[in-house]
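Side chains are part of it too, since the values below use all heavy atoms of this structure and drop only hydrogens, waters and symmetry mates. Predicted model, so just to flag it, every value in this text is computed and none were measured.
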There are 2 protein chains.
Amino acid sequence: MIGQQIASSIERRSGVSLWRQIADQILHSIAIGDFAENAALPPEIALAERYGVNRHTVRSAIAALVQDGVLRAEQGRGTFVLSRKRLSYPIGARTRFSEGLQGQATERRSVLLESAVEPASRRVAEGLGLAKGSNVIRLETRGEADGQPVSRASGWFDAKRFEGIEAAIAETGSVTASLQRFGISDYLRQSTVLSARHADAADLADLDLQSGAIVLVTVAVNVTPDGQPIQFAETRFPAERVELKLSAR
Amino acid sequence: MIGQQIASSIERRSGVSLWRQIADQILHSIAIGDFAENAALPPEIALAERYGVNRHTVRSAIAALVQDGVLRAEQGRGTFVLSRKRLSYPIGARTRFSEGLQGQATERRSVLLESAVEPASRRVAEGLGLAKGSNVIRLETRGEADGQPVSRASGWFDAKRFEGIEAAIAETGSVTASLQRFGISDYLRQSTVLSARHADAADLADLDLQSGAIVLVTVAVNVTPDGQPIQFAETRFPAERVELKLSAR
DNA sequence: TATAATTGTCTACATCATTATACAAATTCG
DNA sequence: CGAATTTGTATAATGATGTAGACAATTATA
């Protein structure tokens, strides 16, 4: 489980198949540096012994990771680690999507998937300090780094205050730039709540994930410097590709 | 998936069984307030229809949550939500375990499970700024709130600098108090990296989780105010019981 | 070139997960 | 009370997951 220590064991009858648990652990081992890039994984028989399962079960796990582009298997040679460590996504009071990934990815962009005006749910209304049922603009966006999806966000704005912001965002491709048109030159992350869960079908599709994947979820409220709520947002990050780095202050 | 919206769908052949996916989603619905405490869940048949599965599959999901103490099923009446929202664990530069959960739990404590002196893995050595293989003290602890496990931490200290700290911690039950004996009156969280994965067998046992559960993982380096590394720690939180709240500053 | 090590494929079987029906038991309500 | 609603139990069938063993194909190496 940790560093050089013995591989952790595996749970049966858990609702999570053994091959997926093993795939999770291999992924984790890679992420913490137990296997370097281009290094060979232990042979299937050794892995099977270590985890106490049949060789075919290990093969299923490896097949999933090969499908995922994490490993490459070569007959007669071995199985090799392809993918680098996870992207480290900085998160702090002033995090903007376009910043922060510098040096880790050469090309970054945010894609607007959908926008709609609708009555606020209780949760959104509370976050924005509006009456429940007030109209809000909902934006669904996907963040990409080097062509690979790394985030999937649902954001809500007060429809009255920010009428037409979806057009501005579609045009400029930037939330920050669009907010300037509404007189907001700066904003802060007021609060962030973090959780994790299995990705649902929609996020699996949008983030190009294999089924059963885990997403990290942040729920944040962005405010003006004087504390007025601007945006309520829920963002899902694929846990296998992204880690969140809390900035030291 | 979000607020009042339609229930998200379910993935087959994912390595995660349908009943577990449904249990995850019900838990999430409770956490975001779709079902209040003591409220009745929709009847099994309605849930089965909503998720597009057989009633028995829904029953498996409910059985797992009943086992977990989240729901209570009553024949002829319905199935009811027992548990409150997740514990919200504040996390910031100065977070101490004993602080922060005030008002959410009446009784909080930290239990030392194991301590050992061992050579540092590469990961730990880098975190503490030591040579790889230097001796470090490893402490395994569990945090509890109202008798329920809410965290499971592995922490490492430089064995030379903090010789005997495990005895002090066993005695006082407090990392903060023990550090004072070594002349450390204050320390800060320098960096925190966040990820998520399926709990391994050891954490399932220590955290009293059902198999297949997800853990939030923080990896942090604590330093003195002048930047000297003191402790390297990996903490696992059960995602179904805990969310992490990043403090706004 | 032989041999060992490793991944790829195949078959057979056991166990778990899911569906499909049917009916029993408890509760609520007209 | 009697009907409707809801959870509990039972049984059978099917598909997905995991185990077991055998052997082929490819690569590295003595």
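Place A:Q75 and A:H56 on DNA chain D by their nearest nucleotides, and A:H56 ends up nearer the 5' end. Heavy-atom nearest nucleotides on DNA chain D were determined for A:G52 and for A:G76, and the one closer to the 5' end corresponds to A:G52.
Qualifying side-chain contact (heavy atoms from CB on, under 4.5 Å) partners for A:T218, counting only residues two or more places apart in sequence or in other chains: A:I91, A:T192, A:L194, A:T235, A:F237, A:L244. Legend: residues meeting salt bridge (Lys or Arg N to Asp or Glu O under 4.0 Å) with A:D206, ordered by chain and number and at least two apart, are A:R152. The salt bridge (Lys or Arg N to Asp or Glu O under 4.0 Å) search around A:E74 returns A:R72, A:R77, not counting sequence neighbours.
Between the side chain of A:R55 and the base of D:dG21 there is no donor-acceptor pair of N/O atoms closer than 3.5 Å.
The span of DNA chain C lying next to chain B, judged by atoms under 4.0 Å from heavy atoms, is bounded 5' to 3' by C:dA17 to C:dT28.
Computed from coordinates, the A:E44 CD to D:dC23 C1' distance equals 15 Å when rounded to whole Å. For the pair A:R77 CZ and D:dT29 C1', the interatomic distance rounds to 13 Å; values are reported in whole Å. The interatomic distance linking B:R59 (CZ) with D:dT9 (C1') rounds to 8 Å, in whole Å.
For the side-chain hydrogen bond (donor to acceptor under 3.5 Å, both in side chains) test with B:S154, the passing option among B:E114, B:E234, B:E140, B:R138 is B:E140; the others fail.
For the pair A:R197 and A:V215, the minimum side-chain heavy-atom distance is below 4.5 Å.
When atom types are taken as modelled, the side chain of A:R241 and the backbone of A:P149 share a donor-acceptor pair closer than 3.5 angstrom.
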What string of B, S and - do you get for nucleotides 13-18 of chain D 5' to 3' if you count protein non-hydrogen atoms under 4.0 Å?
---SSS
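Taking the six-membered ring wherever Trp is involved, the centroid distance between the rings of A:H198 and B:H28 does not fall below 6.0 Å.
Sorted by first and then second residue, the salt bridge (Lys or Arg N to Asp or Glu O under 4.0 Å) pairs with a member in residues 53-67 of chain B read B:E44-B:R55, B:E44-B:R59; sequence neighbours excluded.
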